[in-house]
Amino acid sequence: MPEFFALSVKSVIIVTMSDIVTQIRTRFDHAVAKKTLQEKYESRMLFAHAGGMFKSTPEIITFLSLYNNEEIVLADVYNTPIKVNAANLKNEMQKKWYEQMNAWLVEWSELQKQR
């Protein structure tokens, strides 16, 4: 009788370990997919404006809101000073931000359903 019990426990442990390994792989795949999705949409936040490359971020959008239709000098992603119209750049950044964040949300929702 003890042999049967030991055999039964051993098979339960194997199944449980298999389930754990499968779950870990699924979570790892999900984490990799999440990171890939983040990188994809962060790269889409880049755009050219007035001869410079800018990345749309909430911080820069807020900063540009302080200047109404003024010409300002702003460093682009390559730390090159670029003279821009604050209102025009803010409008372009907001458009880019909302487009990409909404698209990111749609893909993220699909990824969550697969989990």
Side-chain angles (χ1 to χ4, degrees):
M1 188 126 175
E3 289 178 341
F4 176 75
F5 179 72
L7 200 58
S8 175
V9 171
K10 185 177 179 183
S11 63
V12 170
I13 291 173
I14 291 172
V15 171
T16 305
M17 289 303 291
S18 175
D19 290 343
I20 291 171
V21 168
T22 302
Q23 188 177 22
I24 289 171
R25 285 185 180 146
T26 303
R27 286 180 187 238
F28 178 76
D29 291 344
H30 182 75
V32 169
K34 180 181 176 183
K35 184 68 175 167
T36 302
L37 196 59
Q38 178 183 2
E39 290 172 358
K40 174 183 173 181
Y41 282 99
E42 282 183 354
S43 70
R44 289 183 178 184
M45 296 290 184
L46 289 171
F47 65 97
H49 179 83
M53 286 295 291
F54 294 93
K55 182 176 182 179
S56 184
T57 64
E59 295 83 8
I60 296 178
I61 293 169
T62 303
F63 174 77
L64 291 170
S65 297
L66 300 173
Y67 300 95
N68 299 327
N69 236 6
E70 294 179 36
E71 294 284 323
I72 63 171
V73 177
L74 190 63
D76 70 354
V77 295
Y78 299 111
N79 287 324
T80 305
I82 308 291
K83 191 172 192 174
V84 297
N85 179 289
N88 292 343
L89 182 58
K90 183 184 101 172
N91 290 338
E92 211 171 320
M93 279 194 175
Q94 281 180 324
K95 181 181 173 192
K96 179 67 79 174
W97 176 261
Y98 291 124
E99 284 175 357
Q100 298 309 317
M101 290 303 289
N102 287 328
W104 188 357
L105 177 62
V106 169
E107 281 199 54
W108 171 251
S109 298
E110 289 299 316
L111 184 64
Q112 287 295 95
K113 288 178 188 175
Q114 294 173 5
R115 191 174 184 193

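The minimum heavy-atom distance linking I82 with G51 is given by the pair CD1-O, 3.9 Å. In terms of heavy-atom proximity, D76 sits nearest to G52 at OD2-CA, 3.5 Å. Minimum heavy-atom separation, M45 to W97: CE-CE3, 3.6 Å. The two residues H49 and L89 have their closest heavy-atom pair at CD2-CD1, 3.6 Å. Of all non-hydrogen atoms in A48 and E92, the two that sit nearest each other are O-OE2, 3.6 Å. Looking at every heavy atom in both residues, I60 comes nearest to K55 through CD1-O, 3.8 Å.
Distance CE/M101 to OG/S56: 10.0 Å, rounded to 0.5 Å. Put simply, NZ on K96 and OG1 on T57 are 14.0 Å apart, with the number rounded to the nearest 0.5 Å. Rounded to the nearest 0.5 Å, atoms CD (Q112) and CD (E110) are 10.5 Å apart. Rounding to the nearest 0.5 Å places CD1 of I61 at 5.5 Å from CD of Q94. From L74, atom CG reaches atom OG1 of T80 across 11.0 Å, with rounding to the nearest 0.5 Å. The CG atom of L64 sits 6.0 Å away from the CE atom of M93 when rounded to the nearest 0.5 Å.
Taking the six-membered ring for Trp and thresholds of 30 and 60 degrees, F54 and F47 have ring planes inclined between 30 and 60 degrees apart.
Residues Y78 and L46 fall within the same hydrophobic cluster, defined by Ile, Leu, Val, Met, Phe, Trp and Tyr side chains chained together at heavy-atom separations under 4.5 Å.
The shortest side-chain heavy-atom distance between I72 and F63 falls under the 4.5 Å cut-off. Side chains of K34 and W108 form a contact here, defined as non-hydrogen atoms less than 4.5 Å apart.
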